[in-house]
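Reading through the structure tokens given below for one structure.
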Amino acid sequence: MFLPTTHAEMQNRGWGELDVILVSGDSYIDTPYSGIAVIGRVLINAGYRVGVIAQPDVNSDQDITRLGEPALFWGVSGGTVDSMVANYTATLRKRRTDDFTPGGVNNRRPDRAVIAYTNLIKKHFKSKSPIVLGGIEASLRRITHYDYWSDRLRAPILFDSKADYLLYGMAEVSLLELAAALREQRSPHDIRGLAYLAKESPAGYIELPSYEEVLADKLAFTRMFHLFYHNNDPITAKGLAQRKGDRFVVLNPPSRTLEQTELDEIYSYDFQRAQHPYYESQGPVKALETIRFAIPTHRGCYGECNFCAIAVHEGRTVSSRSLGSILQEAERISRHPHFNGIITDLSGPTANMYGIECEKKLKLGACEDKRCIYPQICPVLKINHARQIEMLQKIRQIPGIHKVSVGSGIRYDMVMADHQCGMQYLDEIVRFHTSGQLKVAPEHSEQVVLSLMGKPSTDFLLKFKEKFQTLSRKAGKDQYLTYYLIAAYPGSSDKEMKALRKFVLTSLQVLPEQVQVFTPTPSTYASLMYYTEQDPFTGEPLFVEKNLHRKALQKDLVTASRPGKSTPPGVVKPGHSNQNRKPAHGRK
Ligand code: SF4
């Protein structure tokens with residue numbers, strides 16, 4: 001059953017009013033990939049009455065007043081992607097299309113959606129019910145952050161939005177605790193994963209450099225970001241507070257990671273894997289094509305690429321579902337009336353981290369002074385793809401499933417580091433789970449840029465490519481690797497892009513089209529580099545291309561066929577365009 005979006009649906013459930021209304025910048029598609037679908041079900045399962053208003057018109061009261069006022073709180077999210085990322089390209093042109101809007105035309109999601117929706121609620125309800133922000137836009141803007149679209153530091157979003165609370169990260173546990181506190185009219189201020197505004201910094205909390213200080217001093221902003229980044233582990237993090245004027249934003253330590261049984265329960269809910277009929281009349285939602293019959297296997301990522309916000313949003317700890325839960329979901333999908341036999345993706349932020357986590361981290365928290373797989377793979381992390389192999393083999397045996405794609409990126413350095421099962425895993429992928437091409441994300445070739453990205457060297461890539469080709473040939477399959485690359489990353493000049501072009505033409509033998517101009521998204525180390533023009537780990541000055549035209553030229557340096565020169569022999573030109581690929585918050 002869908003979550004209600006109209007009074008008629010509320011009445012069908014016997015509800016005269018709602019406890020919680022969820023407002024989102026995405027259309028309402030009922031899948032486990034939709035934040036409101038998951039959060040709504042978690043609340044309903046705990047006995048709350050929940051409704052959804054998706055993409056309300058911010059210029060009228062029609063949508064936002066449709067369900068009345070909630071008894072407990074409003075939950076506001078910008079959607080699956082930060083609204084500014086969804087609305088603008090890296091060169092700041094308005095995007096015409098939106099994969100999460102019915103009909104695909106980008107005309108429903110306001111800029112800074114979280115703020116726009118909060119204002120909308122406040123305008124039409126002299127609200128007694130608090131407004132709670134959540135989702136990636138709020139989560140990554142919970143502290144002072146660089147905002148690429150206005151080219152300045154912006155204050156924590158609770159100051160700008162005037163909402164009451166913010167729940168950051170994966171918020172199921174915090175949300176249930178908040179709902180209970182509000183129902184019982186208790187203060188929610190001790191809930192982990194919660195942010196709020198206060199007159200004082202709580203005792204024992206780390207006071208970050210203030211908003212005014214970081215505005216005036218880039219080094220203070222760097223200090224602030226290090227403290228913020230390193231206090232994000234559910235076991236070791238301290239609470240944080242940052243002053244702006246005469247108030248503080250208080251960030252309680254992160255919520256605990258869900259137990260496997262809790263994670264399994266969430267994915268056992270009866271998601272309809274469809275667009276809600278109320279919104280269906282406005283046209284199809286393109287995103288549904290790729291996520292309708294996809295299965296999330298885990299959360300979190302310890303890759304910690306510096307341009308990616310997954311570590312800040314989902315955390316560095318990978319929590320995996322049980323094999324039984326994944327197989328049950330696959331069986332449910334196989335019985336879906338519209339299922340065509342193809343599972344379009346089976347993965348998490350990084351596909352092959354499923355079932356692989358550090359025992360030390362699970363008990364004592366992530367190391368503060370080192371990363372798990374960069375610059376080399378930590379020996380404490382025992383990489384073994386055995387569980388993934390078992391999962392792939394078992395899922396293929398389910399009647400009605402003809403094809404299972406692994407489409408969310410594979411860390412090839414992890415495959416190469418698994419001396420026990422790495423090649424068997426790759427063989428499985430090559431023979432059964434690649435649809436002609438496998439996506440990998442080296443992002444660059446030059447060590448100076450790779451180091452600033454926190455990405456592995458090209459040695460791993462070349463070895464992986466060789467193995468992939470050998471195994472493909474052995475399997476009698478004509479298939480190739482697709483490479484995701486980034487132009488205009490901090491530290492990358494024309495010189496590095498020319499070297500990248502040479503590398504892809506000669507060593508990878510492709511003329512790549514999957515090249516994306518770098519977008520500095522909030523609360524990443526890369527956006528810190530972009531803003532400060534310094535390496536935050538060494539303090540060295542950095543070249544950063546900020547001219548929009550020259551950024552686009554960096555991309556052209558890699559992708560353009562040169563006038564008067566033919567494509568070198570053996571070079572493959574994939575038939576794919578990257579024009580509409582949005583910067584994911586997670587790339588492998
Ligand atoms: S011991 Fe190694 S794998 Fe474990 S958390 Fe620390 S860096 Fe990561």
Side-chain angles (χ1 to χ4, degrees), residues 31-33 38 41-42 45 170 172 256-271 273 291-303 314-336 339 341-359 361-363 372 381-411 414-415 417-434 438 586 588:
T31 83
Y33 287 89
V38 170
R41 279 185 164 65
V42 167
N45 212 40
M170 308 307 278
E172 292 95 342
R256 67 176 173 80
T257 308
L258 290 181
E259 301 288 335
Q260 188 174 76
T261 49
E262 294 172 310
L263 207 53
D264 286 354
E265 187 184 334
I266 286 172
Y267 293 103
S268 72
Y269 295 149
D270 68 329
F271 296 102
R273 299 184 182 275
I291 59 179
R292 184 178 204 173
F293 298 124
I295 301 179
T297 55
H298 59 286
R299 293 175 171 185
C301 181
Y302 41 78
E314 292 194 20
R316 289 173 64 183
T317 305
V318 167
S319 44
S320 301
R321 296 169 61 186
S322 70
L323 179 56
S325 155
I326 292 167
L327 294 176
Q328 278 165 19
E329 184 172 353
E331 276 164 14
R332 281 198 302 277
I333 288 178
S334 74
R335 295 192 295 270
H336 193 284
F339 182 56
I342 301 172
I343 303 277
T344 50
D345 198 7
L346 182 71
S347 57
T350 298
N352 59 325
M353 285 184 185
Y354 173 76
I356 302 174
E357 190 43 286
C358 163
E359 290 300 320
K361 189 197 295 177
L362 294 173
K363 286 195 194 92
C372 302
L381 184 69
K382 303 290 178 225
I383 297 182
N384 186 322
H385 290 75
R387 280 180 68 187
Q388 294 176 58
I389 294 168
E390 186 187 359
M391 173 173 73
L392 294 170
Q393 289 175 343
K394 289 202 164 145
I395 210 163
R396 292 202 301 267
Q397 288 164 15
I398 294 174
I401 293 180
H402 308 309
K403 176 89 191 168
V404 181
S405 287
V406 175
S408 289
I410 286 174
R411 274 297 290 230
M414 287 178 63
V415 176
D418 179 359
H419 301 299
Q420 232 177 320
C421 299
M423 283 311 105
Q424 192 192 342
Y425 172 73
L426 185 56
D427 190 45
E428 292 278 332
I429 295 288
V430 161
R431 285 195 292 140
F432 302 109
H433 305 287
T434 304
L438 181 67
K588 286 54 221 181

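None of the values given here were measured: they were computed from a predicted structure. Note: hydrogens, waters and symmetry copies are ignored here, and every other heavy atom, side chains too, is used.
The minimum heavy-atom distance between Leu263 and Ser320, with the atom names listed, is CD2-C, 3.9 Å. Pairing each heavy atom of Ala351 with each of Val406, the nearest pair is CB-CG1, 3.6 Å. When every heavy atom of Ile383 is checked against every heavy atom of Ala417, the shortest pair comes out as CD1-CB, 4.4 Å. Closest approach of Gly303 and Met353 over heavy atoms only: N-CE, 3.5 Å. Considering every non-hydrogen atom in both Thr350 and Cys301, the closest pair reads OG1-SG, 3.4 Å. Contact detail for Tyr302 and Ile356: the closest heavy-atom pair is OH-O, 2.8 Å.
Residues meeting the side-chain hydrogen bond (donor to acceptor under 3.5 Å, both in side chains) test with Gln260, sequence neighbours left out: none. Residues passing the side-chain contact (heavy atoms from CB on, under 4.5 Å) test with His336 are Arg273, Arg292, Phe293, His338, Phe339, sequence neighbours excluded. Residues that satisfy the side-chain hydrogen bond (donor to acceptor under 3.5 Å, both in side chains) test with Glu172, not counting sequence neighbours, are Arg299. Glu359 is linked by a side-chain contact (heavy atoms from CB on, under 4.5 Å) to Leu362, Lys363, counting only residues two or more places apart in sequence or in another chain. Shown here are the side-chain contact (heavy atoms from CB on, under 4.5 Å) partners of Thr434, two or more places apart in sequence or in another chain: Ile429, Leu438, Phe468, Gln479. Partners of His385 under the ring-ring contact (aromatic ring centres under 6.0 Å, His included) rule, at least two apart in sequence or in another chain, are Tyr425. Every residue meeting the side-chain contact (heavy atoms from CB on, under 4.5 Å) condition with Phe432, not counting sequence neighbours, appears here in chain and number order: Arg396, Glu428. Evaluation of the side-chain hydrogen bond (donor to acceptor under 3.5 Å, both in side chains) rule for Gln328 yields no partner, not counting sequence neighbours. When the side-chain hydrogen bond (donor to acceptor under 3.5 Å, both in side chains) test is applied to Glu262, the partners found at least two apart in sequence or on another chain are Arg256.
Legend: ring pair (Phe, Tyr, Trp, His ring centres under 6.0 Å) pairs involving residues 314-335, not counting sequence neighbours: none detected. A salt bridge (charged side-chain N to carboxylate O under 4.0 Å, His left out) check over residues 399-408, counting only residues at least two apart or in different chains, returns nothing. Sorted by first and then second residue, the salt bridge (charged side-chain N to carboxylate O under 4.0 Å, His left out) pairs with a member in residues 344-354 form an empty list; sequence neighbours excluded.
One finds the NE2 atom of His433 at 12.0 Å from the OG atom of Ser347 (value rounded to the nearest 0.5 Å). Put simply, CZ on Arg431 and CG on Leu392 are 11.5 Å apart, with the number rounded to the nearest 0.5 Å. Summarising the geometry, atom CD1 belonging to Ile401 is positioned 14.0 Å from atom NZ belonging to Lys394; distances are rounded to the nearest 0.5 Å. In this structure, CG on Asn384 lies 10.5 Å from CE on Met414, to the nearest 0.5 angstrom. Note that OG1 of Thr297 and OH of Tyr267 are 9.0 Å apart. Values are rounded to the nearest 0.5 Å. Considering SG of Cys421 and CZ of Arg387, their distance stands at 12.5 Å, rounded to 0.5 Å.
Between Arg41 and Asp270, at least one side-chain N (NZ, or NE/NH1/NH2) sits under 4.0 Å from a carboxylate O, which counts as a salt bridge.
Listed for the Asn352 side chain is a donor-acceptor partner under 3.5 Å among the backbone atoms of Arg411. Without hydrogens or angle criteria, Lys361 side chain to Cys372 main chain gives no donor-acceptor distance under 3.5 Å. At least one donor-acceptor pair under 3.5 Å links the side chain of Tyr354 to the backbone N or O of Arg321.
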task: Start with the C-alpha distance between Ile333 and Ile398, add both sets of side-chain angles, then the distance that settles side chain to side chain contact (heavy atoms under 4.5 Å, CB included), and finish with yes or no.
output: CA-CA 10 Å; Ile333 288 178; Ile398 294 174; over 6 Å; no
- request: May I have the step-by-step check of side chain to side chain contact (heavy atoms under 4.5 Å, CB included) for Ile395 and Leu327, ending in yes or no?
  value: CA-CA 6 Å; Ile395 210 163; Leu327 294 176; 4.1 Å; yes
From CA spacing to verdict: side chain to side chain contact (heavy atoms under 4.5 Å, CB included), Ser322, Asp264: CA-CA 7 Å; Ser322 70; Asp264 286 354; 2.7 Å; yes
- request: Applying side chain to side chain contact (heavy atoms under 4.5 Å, CB included), run through Leu381 and Cys358 and close with a yes or a no.
  value: CA-CA 5 Å; Leu381 184 69; Cys358 163; 4.0 Å; yes
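Within 6.0 Å of CD in Gln393 there are more than 12 heavy atoms belonging to other residues, nucleotides or ligands.
Under the 4.5 Å side-chain criterion, counting only non-hydrogen atoms from C-beta, Val42 is in contact with Tyr269. Side-chain contact between Ser319 and Met170 is absent, with no heavy atoms from C-beta onward closer than 4.5 Å.
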